[in-house]
Amino acid sequence: MKNLNQTFQYLGMIGLIPLSSCFGKTDSNSKAQMAPSVIYVFPDQMRNSAMEFWSSERYARHIRYKGDPVITPNLNRFADESVVFSSAFSNCPLSSPHRGSLLTGMYPNKNGAMLNMNSSRPVSSLRDDVVTISDLLGRNGYNCAYIGKYHLDYPTPNDPDRPGHYVEDKAPVWDAYTPPEKRHGFDFWYSYGTFDVHKKPHYWDTKGTRHEIREWSPKHEVDIAIDYLKNNAGQRDSSKPFFMMISMNPPHHPYGSLDDCMEEDYNLYKDKSLEELLIRDNVDTTLQKAASVRYYFAQVTGVDREFGRLLKALDSLELTDNTIVVFASDHGETMCSHGLNDPKNSPHTESTNIPFLIRYPGKLKPKVEESLLSTPDIMPTLLGLCGLSDAIPQEVQGHNFADYLLTGQTTQPLPESALYIRNIDGMKDKNGQVTTYFPESRGVKTDKFTLALTIDRETKKLKEILLFDDAADPYQLDNLSLDDHPAQKRELLKELALLLQKAEDPWYNERILADMIPYE
Ligand code: CA
């Protein structure tokens with residue numbers, strides 16, 4: 001039956017029969033009139049290569065590196081039904097900064113989420129007055145639900161069970177409870193700040209009641225999501241479209257034992273050698289972390305299964321046709337590439353290149369899209385696909401891909417570069433609280449090159465240059481001399497200057513490295 005449907009959809013797409021006859025169901029005329037619902041699923045530390053379909057011929061020609069030897073049957077099927085971005089770029093590849101840009105369409109310096117949030121960093125917290133995608137969808141007739149890790153609040157003493165106390169017994173704390181006034185339009189809440197015990201997660205619900213769970217967090221979160229879809233307890237108004245974000249923590253460290261993943265998934269990898277699993281040309285399998293790859297891939301396969309279960313529920317509830325579904329992630333995972341211990345927060349492909357698959361049946365023709373997608377582009381693009389381009393706030397900095405995705409045409413040129421950002425702690429007060437942030441690195445990613453400049457925190461002078469020819473050297477093994485490549489140097493620095501200006505970045509405001517970067 002499914003194949004027959006796909007055949008009709010295909011005939012519709014190539015114009016042999018009207019599209020409406022391919023996607024309409026007799027009982028869904030009213031649904032077809034309704035604005036589309038949106039489900040945005042984003043596990044945390046999942047790199048783009050960690051999806052099995054990249055190893056198949058149809059997809060492999062769109063990327064320059066090898067796909068990981070990982071098992072993801074549900075994502076494989078979903079990719080065939082989706083626009084698959086091969087070059088989605090997490091500009092500031094760290095939890096809170098990515099999430100801030102995702103929700104607001106703005107770079108970290110504009111939305112308040114410059115650093116990963118914890119109680120030692122009062123300088124970093126999503127601005128209360130910022131307008132998020134959920135604020136806008138909520139105002140435009142959507143029910144909005146947030147399930148899973150949030151990590152966008154500076155933790156304050158606001159435990160609903162013990163007013164005036166933190167949600168952990170001692171500060172500093174990573175975890176946080178987000179009170180209703182800070183939920184930015186999400187009217188259904190089942191979330192926490194940051195917590196990495198994958199089989200003992202906890203959540204605060206809409207009313208602030210804490211739930212202690214004893215099962216693998218992605219499984220539990222998809223159960224909550226399916227309940228929301230079924231709407232058995234009146235979680236939403238079924239006459240309205242909904243916007244649901246599901247932020248799964250896995251894949252995310254720890255990756256060390258069966259406490260971190262499902263055993264059935266671990267069994268798929270446990271007998272493979274490290275050399276069979278870590279196949280990138282830039283990897284160091286002698287690092288202590290190397291053995292964790294088995295758990296990393298096991299977590300990916302577990303996430304894939306839960307994602308598949310969600311899609312199946314959408315099908316059985318006949319919600320698939322009018323629901324936009326995105327599968328993405330926060331940032332990648334270096335997993336022993338480049339000898340790095342830090343899994344993220346670097347300009348390398350393993351850290352910045354994230355999954356981004358978007359399915360909108362009958363509206364978006366499945367394909368692989370190679371243009372660069374930056375994190376701030378996601379919010380305006382989703383609003384555009386929901387027919388709300390006019391509602392996108394002026395201060396949004398991302399590009400709206402909606403027209404291009406819907407029609408293949410665009411009045412505005414597509415972005416050809418993306419801004420790389422790394423911030424670190426700046427000044428601290430006498431109590432050790434971080435009161436400013438320091439913009440340590442900025443860079444530019446184009447189709448062919450990655451350039452990242454790092455400055456010294458005392459002198460603000462150039463400390464390090466990374467320049468990779470991603471076309472010739474996809475594993476970024478050879479750090480090229482910028483001066484030996486004058487044409488590329490000119491072009492990339494000019495592009496960087498434009499990106500920094502457009503982002504109203506501190507490097508532009510302070511004219512950092514003005515002897516090198518040709519600011520206007
Ligand atoms: Ca993260």
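Atoms within a ligand are numbered from 1 in the order they appear, just like the ligands themselves.
- For the Ca ion (ligand 1), the N/O/S atoms of S95 include one lying under 3.0 Å.
- Contact between L466 and N479 at its shortest, heavy atoms only, is CA-OD1, 3.4 Å.
- Screening F188, F186, F243 against Y228 for a ring-ring contact (aromatic ring centres under 6.0 Å, His included) leaves a single residue, F188.
- Considering just the N/O/S atoms of D330, the one nearest the Ca ion (ligand 1) carries the name OD2.
- Heavy atoms of other residues, nucleotides or ligands lying less than 6.0 angstrom from CD of Q288 number 12 at most.
- Judged by the 6.0 Å distance and 45° axis criteria, R442 is not positioned over the aromatic ring of Y420.
- The NE2 atom of H331, the Ca ion (ligand 1) and the OD2 atom of D44 define an angle of 140° (nearest 10 degrees).
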